[in-house]
S.K.: 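Here you go, one structure.
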Amino acid sequence: MLEIVFKDGSKKEFSESIEVREIFRKLGVKNACAGKLDKKLVDLRTQVNFDCKLEPVYFDSLEGKKVYWHTASHILAQAVKNEFKYSKLAIGPAIDNGFYYDFDLKSNLNKEDLSKLENEVNKIIKENLKIERFVMKYDEAVKFFEEKNENYKLEILSENLNKEEHVSFYKQGEFAELCSGPHLLSTGEVGCIKLLNSTGAYWRGNSKNKMLKRIYGISFQNKKQLKEYLENLEEAKKRDHNKLGRELEFFTTVDYIGQGLPILMPKGTKVMQILQRFVEDEEEKRGYLLTKTPLLAKKDLYEISGHWDHYRDGMFVINSDDKNKDVLALRPMTCPFQFQVYLNRSRSYRDLPMKLNETSTLFRNEASGEMHGLIRVRQFTLSEGHIACTPEQLEKEFTDCLDLANFMLEKLGLKDDVFYRLSKWDENNKEKYIGDSEEWENVQNKMRDILDKFDLKYEEVDGEAAFYGPKLDIQIKNVHGKEDTLITIQIDFQLAKRFDMQYVDINNQRQYPYVIHRTSLGCYERTLALLIEKYAGALPLWLSPEQVRILILNESLYEKSKKLKLKLGENKIRVFIDNRNEKIGYKIRQAQLDKIPYMLILGEKELEKNSISVRHREKGDLKSMKIEEFINLINKELSC
RNA sequence: GCUAUUGUAGCUCAAUAGGUAGAGCAGCUGAUUCGUAAUCAGCAGGUAGUCGGUUCGAAUCCGAUCAAUAGCUCCA
């Protein structure tokens, strides 16, 4: 006898081992694509032969979608095998927004190939082939792939630790694929597949390996859902800062200036100035002292910090082949410079914590393919800061940094869009880092302890640390779903030693402080980019480079509008008049119009009543009001 | 850096098979004063990203290079 408990708490007994799908059938559960057995995702074909908890998984959950998408990726692999005789299979997982499959192909894939494959894929769905699971002995599986000359599959197999265990396969029609599942029961259940694009991707994600062809796709249960998804995708792309930011004249690029070196136009610069003032003021309130340090230094400095050995590829080096001149490098980080403030004289524990901030321009020689609008550039400005503190102060200071970061996110309205990541070192790749294992484990544990005291969900990722210490990274996704670090808070236990930064403790002993590297708002270019995407260009009032546009309907009102502008300007409201050359005109491009929070209309009607008509970009027409009333309205909105 | 795609006026896009560049919007000038993008008339804008090659002739074909886009790798 076995007892199965369901999500609603109900129980059912079965006399013998039974398949998940059979259980669901008996219970009348329909449309489940997999099961969750004691919290583990399992195939509908799984035999249950012990007491357990079980619940159905459907397409409406991400886990469920991934089952569909994984099956879709197998169908794609089958289609590619049908269409390209010499193709070899690599891997094809489901991802958060669909699936991909990597192939080794002799030829490139163009659009026609992709649509041909799409037809083939949907043909396989229509055929509604039964998908069966079977197992093979390890040796048989090796032989199976050797015959097919599938060297990537063989490589995966060779890493199978337990060669005694059977290897799991899934088969549909003639196509069999190494896979641990779970999968749907037939190809027809997938619904419809759209192949989105094809790109290159390195085998095993290693740039030293061969580049394979990757095809991305998505599938839905029906065409309506697919259409909706594709439309949403198009909508999201309209918010792309790289397009919108240029259209709205926040920034531009010039080919002969170079990659990753955007020109910030007046609007973009205004927003960055607002952000920068906001950040510096807030940091000052929180006890930071502002510094301004050089943008470049002799390589000697970087040799001490370790950048010369661990970060040289990322730096712009000057005079490297002139023996008569000092070799200099533009700074990729501010830490070694700002440390000199600490080192200016001897420090006691009474000086700590020492909190320094800087609005620092940095230069990083990113590889040519990495640049992306304002999100990834070669010169950028960071809201940077460093805190030197005693071990006892570390927790409080770290907590304060996190609080500051969250405060900033809250103010920008990005709080719900971010996720947290504890970025650790890679212990299999020690040469990338400075310091020994014990120190790393020690600090990482410390960081984890602090994080666990917060009500904060975070994931841990190996190999994402800085070379000098672990990081708390606050991540965000752009409109393309690509993840980037917005804010980072790092604990460093190495650089103080390298720079011989000491303090004298209460027992008159010399000690090294901990250093926290942190940003409060990340880099301004990137933050601006994400704000444009978040708000589709219609930034909140306090961040809008143009808060008010005055529209005059009669040339004779021009002088009056100038006075109005002056008056609003005195109240620190950013206002523009909609005409150039002192001529009337109420032709405003709609695209720009709905980005401006308020529009004031000034015409004969208003003149008579000595008032203005106000239009809000979202609320539409507001009642006409006196200028003072409008100023109050804006101030009220700004204060909350 | 790698795999692809793209590059024609400020923007969006045209031009049968290589035959010597055209339209809308924006801009400018003038008229119009018309209540929320697109009134009328006129003008001006391009050595086709750049450099080289093939050809009698190249926006179109080839090569190199620069830049942009998506993805990989890398990273704030």
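Being a predicted model, the structure only gives us computed values, none of them experimental. By convention in this document, chain letters (A, B, ...) are assigned in the order of the sequence lines, proteins followed by strands, and residues within each chain are numbered from 1.
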S.K.: From the list B:G71, B:A4, B:A68, which nucleotide is the closest neighbour of the side chain of A:Thr253?
M.R.: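 Selected nucleotide (nearest to the side chain): B:A68.
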
S.K.: What's A:Lys605 touching, base or sugar-phosphate or nothing? Going by heavy atoms closer than 4.0 Å.
M.R.: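 Base, at least one base atom sits under 4.0 Å.
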
S.K.: Scan residues 595-614 of chain A for pairs that pass ring pair (Phe, Tyr, Trp, His ring centres under 6.0 Å), counting only residues two or more places apart or in two chains.
M.R.: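 Residue pairs passing ring pair (Phe, Tyr, Trp, His ring centres under 6.0 Å), neighbours aside: A:Tyr598-A:His616, A:Tyr598-A:Phe630.
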
S.K.: Name the closest nucleotide to the A:Tyr202 side chain, picking from B:A4, B:C75, B:U73.
M.R.: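 Output: B:U73.
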
S.K.: When you get a sec, tell me which of B:G49, B:G71, B:A68 is the closest nucleotide to the side chain of A:Asp255?
M.R.: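 That would be B:G49.
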
S.K.: Considering only atom P, compute the distance from B:C40 to B:A21 and round it to an integer number of Å.
M.R.: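 Pairwise P distance, B:C40 against B:A21, rounds to 29 Å.
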
S.K.: Would you call A:Lys213 and A:Asp102 a salt bridge, taking side-chain N to carboxylate O under 4.0 Å as the test?
M.R.: no

S.K.: How does RNA chain B read in dot-bracket, base by base from 5' to 3', with Watson-Crick or G-U pairs under 3.5 Å and | used when the partner is on another strand?
M.R.: (((((((..((((.....[..)))).(((((.......))))).....(((((..]....))))))))))))....

S.K.: Which nucleotide in the list B:G71, B:A70, B:C75 gets nearest to the side chain of A:Arg526?
M.R.: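 In terms of side-chain proximity for A:Arg526, the closest of B:G71, B:A70, B:C75 is B:C75.
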
S.K.: Is the ring of A:Tyr256 stacked on the base of B:A67, with centres less than 5.5 Å apart and planes under 30° off?
M.R.: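 Here the ring of A:Tyr256 and the base of B:A67 are not stacked, as the 5.5 Å and 30° limits are not both satisfied.
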
S.K.: Please list, in numerical order, the residues of residues 364-376 of chain A that have a heavy atom closer than 4.0 Å to any atom of RNA chain B.
M.R.: A:Arg364, A:Glu366, A:Ala367, A:Ser368, A:Gly369, A:Glu370, A:His372, A:Gly373, A:Ile375, A:Arg376

S.K.: Between A:Leu602 (CG) and B:U36 (C1'), how many Å, whole number?
M.R.: 14 Å

S.K.: Quick check: on RNA chain B, is the nucleotide nearest A:Ile601 upstream (toward 5') of the one nearest A:His480, or the reverse? Name the residue that is more 5'.
M.R.: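 The residue mapped nearer the 5' terminus is A:Ile601.
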
